[in-house]
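Before any comments, here is the structure.
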Amino acid sequence: MKSIKTAIALVLTVVLAMALVACGSKAPAETTAAPNATVKVGFTAMNLTDPFQIAVRDTVKARCEEMGWEFQSGDGNGDNAKQINLCEDMINGGINYLVLCPVSQDGILPILELCKQKGVTVINYDSACADQDLVACYIASDNYSAGKLDAEFLNEKYPEGGELMIINNPRAESVVARVKGLTENLNSNFVVVEDAAITTSKDVLAKVDDALIAHPNLKFIFGLNDTCGMMARGCAEAAGRNDIVVVSVDGSPDCQASIKDGGMMATAAQSPITLGEESFKAIKTLVEGGSVEDVSVPCFIISQDNIDQFDITQWH
């Protein structure tokens, strides 16, 4: 965890006969405005077809609207250039804060630099930007532990191991951490025979189809998130491979329902609600003149063994 960064943010109440002064601030950008100025929050996700990302956005949106703040959002849709363009539009439109999950941890640098230039404070969530010196704080699930939880589940349930396919996105820091947590903790009986890199969930079906043909002894699939995991499971079922065990990361209601029905085997559950709440709290703290730190949100396993303990209609 990096050191505490302090940002001087917008002030919502009238402060008489005083000026705002940044005292020893390490924040990447300072946002100042006249008293009673409106807080304007921009939000962009890696891909807003992902229910997890939708849940984060909706949480931040609801909290901002409760405060009477302006809120707008845009979908990166797995395209770095598209995300850069929509961020530029929001910045030029006058946002003070940007809640950001980057499509590319390195490719988003021009936006971080523009935010610094324009005085827009960046709250980075879920997947880390490469240059953390340009963000106020990083709020994320413990993604390494998510992969580790899936590995520990597979080790315990299937100690004999077998051939495994990974559905990966090496451009996303969060996914890199999940895959690392998985591969570093699987026992030696598991053999990764396919590490399939994708940029959007649309790539999953073709990748799984190809893997099923190339590896007839494939036994396990790790999906980088529930959407990919469930698509992989559906593809395997369509090929008559109901025996393939699929695990993933997220803990979405749809995945929980699949687990309960005997489809998906397990998911390392995150809490998008908590990520959204923590992102909002960071903005509110900065608006009030406080300082913020990085936040790591724990994950937990939901599987066919414990699914009856959960309300499958909601995120947890």
Give a yes or no on whether [X] and [Y] share a hydrophobic cluster (residues Ile, Leu, Val, Met, Phe, Trp, Tyr; joining criterion: side-chain heavy atoms under 4.5 Å apart).
{"X": "M46", "Y": "V41", "value": "no"}
{"X": "I312", "Y": "I54", "value": "no"}
{"X": "Y97", "Y": "V56", "value": "yes"}
{"X": "L48", "Y": "L224", "value": "no"}
{"X": "V247", "Y": "V192", "value": "yes"}

Evaluate the ring planes of W69 and F280, with Trp represented by its six-membered ring, and classify them as parallel (under 30°), tilted (30 to 60°) or perpendicular (over 60°). tilted
For a quick check under 3.5 Å, do [X] and [Y] share a side-chain donor-acceptor pair by atom type?
{"X": "T199", "Y": "D203", "value": "yes"}
{"X": "Q270", "Y": "D250", "value": "yes"}
{"X": "S174", "Y": "N143", "value": "no"}
{"X": "T38", "Y": "E70", "value": "no"}
{"X": "E184", "Y": "Y144", "value": "yes"}
{"X": "Y138", "Y": "E293", "value": "no"}
{"X": "N124", "Y": "Q132", "value": "yes"}

Is it the case that the side chain of [X] and the backbone of [Y] share a donor-acceptor pair, with hydrogens and angles ignored and the cut-off at 3.5 Å?
{"X": "T227", "Y": "D50", "value": "no"}
{"X": "Q256", "Y": "G251", "value": "yes"}
{"X": "S258", "Y": "M264", "value": "yes"}
{"X": "N225", "Y": "C228", "value": "yes"}
{"X": "N189", "Y": "P159", "value": "yes"}
{"X": "D58", "Y": "A55", "value": "no"}
{"X": "E173", "Y": "A128", "value": "yes"}
{"X": "N47", "Y": "T49", "value": "yes"}
{"X": "S271", "Y": "T274", "value": "yes"}
{"X": "S141", "Y": "C299", "value": "no"}

Would a 4.5 Å heavy-atom cut-off, applied to side chains only, mark [X] and [Y] as touching?
{"X": "T183", "Y": "I166", "value": "yes"}
{"X": "P298", "Y": "S145", "value": "no"}
{"X": "K219", "Y": "E163", "value": "no"}
{"X": "L98", "Y": "T44", "value": "yes"}
{"X": "K116", "Y": "L112", "value": "no"}
{"X": "H316", "Y": "F310", "value": "yes"}
{"X": "F153", "Y": "M265", "value": "yes"}
{"X": "I283", "Y": "T121", "value": "no"}

Write out all pairs satisfying ring pair (Phe, Tyr, Trp, His ring centres under 6.0 Å) with one or both partners inside residues 207-235, taking only residues at least two apart or from two chains.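 Listed by first then second residue: Y158-F220, F190-F220.
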Please list all pairs meeting ring pair (Phe, Tyr, Trp, His ring centres under 6.0 Å) that have one or both residues in residues 226-247, counting only residues at least two apart or in different chains. none
Taking [X] first and then [Y], would you say they form a salt bridge - that is, a charged N and a carboxylate O separated by under 4.0 Å?
{"X": "R241", "Y": "E237", "result": "no"}
{"X": "R63", "Y": "E66", "result": "yes"}
{"X": "E277", "Y": "K281", "result": "no"}
{"X": "R178", "Y": "D150", "result": "no"}
{"X": "D75", "Y": "K82", "result": "no"}

Residue pair [X] / [Y]: nearest heavy atoms and the distance that separates them:
{"X": "T285", "Y": "S291", "value": "CG2-O, 3.4 Å"}
{"X": "L212", "Y": "L218", "value": "CD2-CD2, 4.1 Å"}
{"X": "C235", "Y": "D209", "value": "SG-OD1, 2.9 Å"}
{"X": "W315", "Y": "I273", "value": "CB-CG1, 4.3 Å"}
{"X": "I91", "Y": "K118", "value": "CG2-CG, 3.7 Å"}
{"X": "A269", "Y": "I302", "value": "CB-CD1, 3.7 Å"}

Distance check, rounded to the nearest 0.5 Å: [X] atom [atom1] versus [Y] atom [atom2]?
{"X": "M90", "Y": "C115", "atom1": "CE", "atom2": "SG", "value": "9.0 Å"}
{"X": "I108", "Y": "C87", "atom1": "CD1", "atom2": "SG", "value": "5.0 Å"}
{"X": "N168", "Y": "K207", "atom1": "CG", "atom2": "NZ", "value": "10.5 Å"}
{"X": "M231", "Y": "I221", "atom1": "CE", "atom2": "CD1", "value": "12.0 Å"}
{"X": "L149", "Y": "L154", "atom1": "CG", "atom2": "CG", "value": "11.0 Å"}
{"X": "I111", "Y": "Q83", "atom1": "CD1", "atom2": "CD", "value": "8.0 Å"}

Applying side-chain contact (heavy atoms from CB on, under 4.5 Å) to C255 and M230, what does each step give before you reach the verdict? CA-CA 7 Å; C255 187; M230 292 178 67; 3.9 Å; yes
Mind running side-chain contact (heavy atoms from CB on, under 4.5 Å) on F52 and D226 for me, showing each step along the way? CA-CA 9 Å; F52 177 88; D226 285 347; over 6 Å; no
Please identify which of these residues, V295, L100, D126, I139, meets the side-chain contact (heavy atoms from CB on, under 4.5 Å) condition with S279.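 Single side-chain contact (heavy atoms from CB on, under 4.5 Å) partner of S279 among V295, L100, D126, I139: I139.
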From V60, V292, L286, residue fulfilling side-chain contact (heavy atoms from CB on, under 4.5 Å) relative to I123: L286
For E65, does the CD atom have more than 12 heavy-atom neighbours from other residues, nucleotides or ligands under 6.0 Å away? yes
Applying salt bridge (Lys or Arg N to Asp or Glu O under 4.0 Å) to D308 and K260, what does each step give before you reach the verdict? CA-CA 8 Å; D308 290 338; K260 191 170 182 66; 2.8 Å; yes
With sequence neighbours left out, what residues match D106 under side-chain contact (heavy atoms from CB on, under 4.5 Å)?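 Here the qualifying residues are S104, A130.
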Kindly determine whether M67 and V39 satisfy side-chain contact (heavy atoms from CB on, under 4.5 Å), including the steps that lead there. CA-CA 9 Å; M67 295 295 294; V39 177; over 6 Å; no
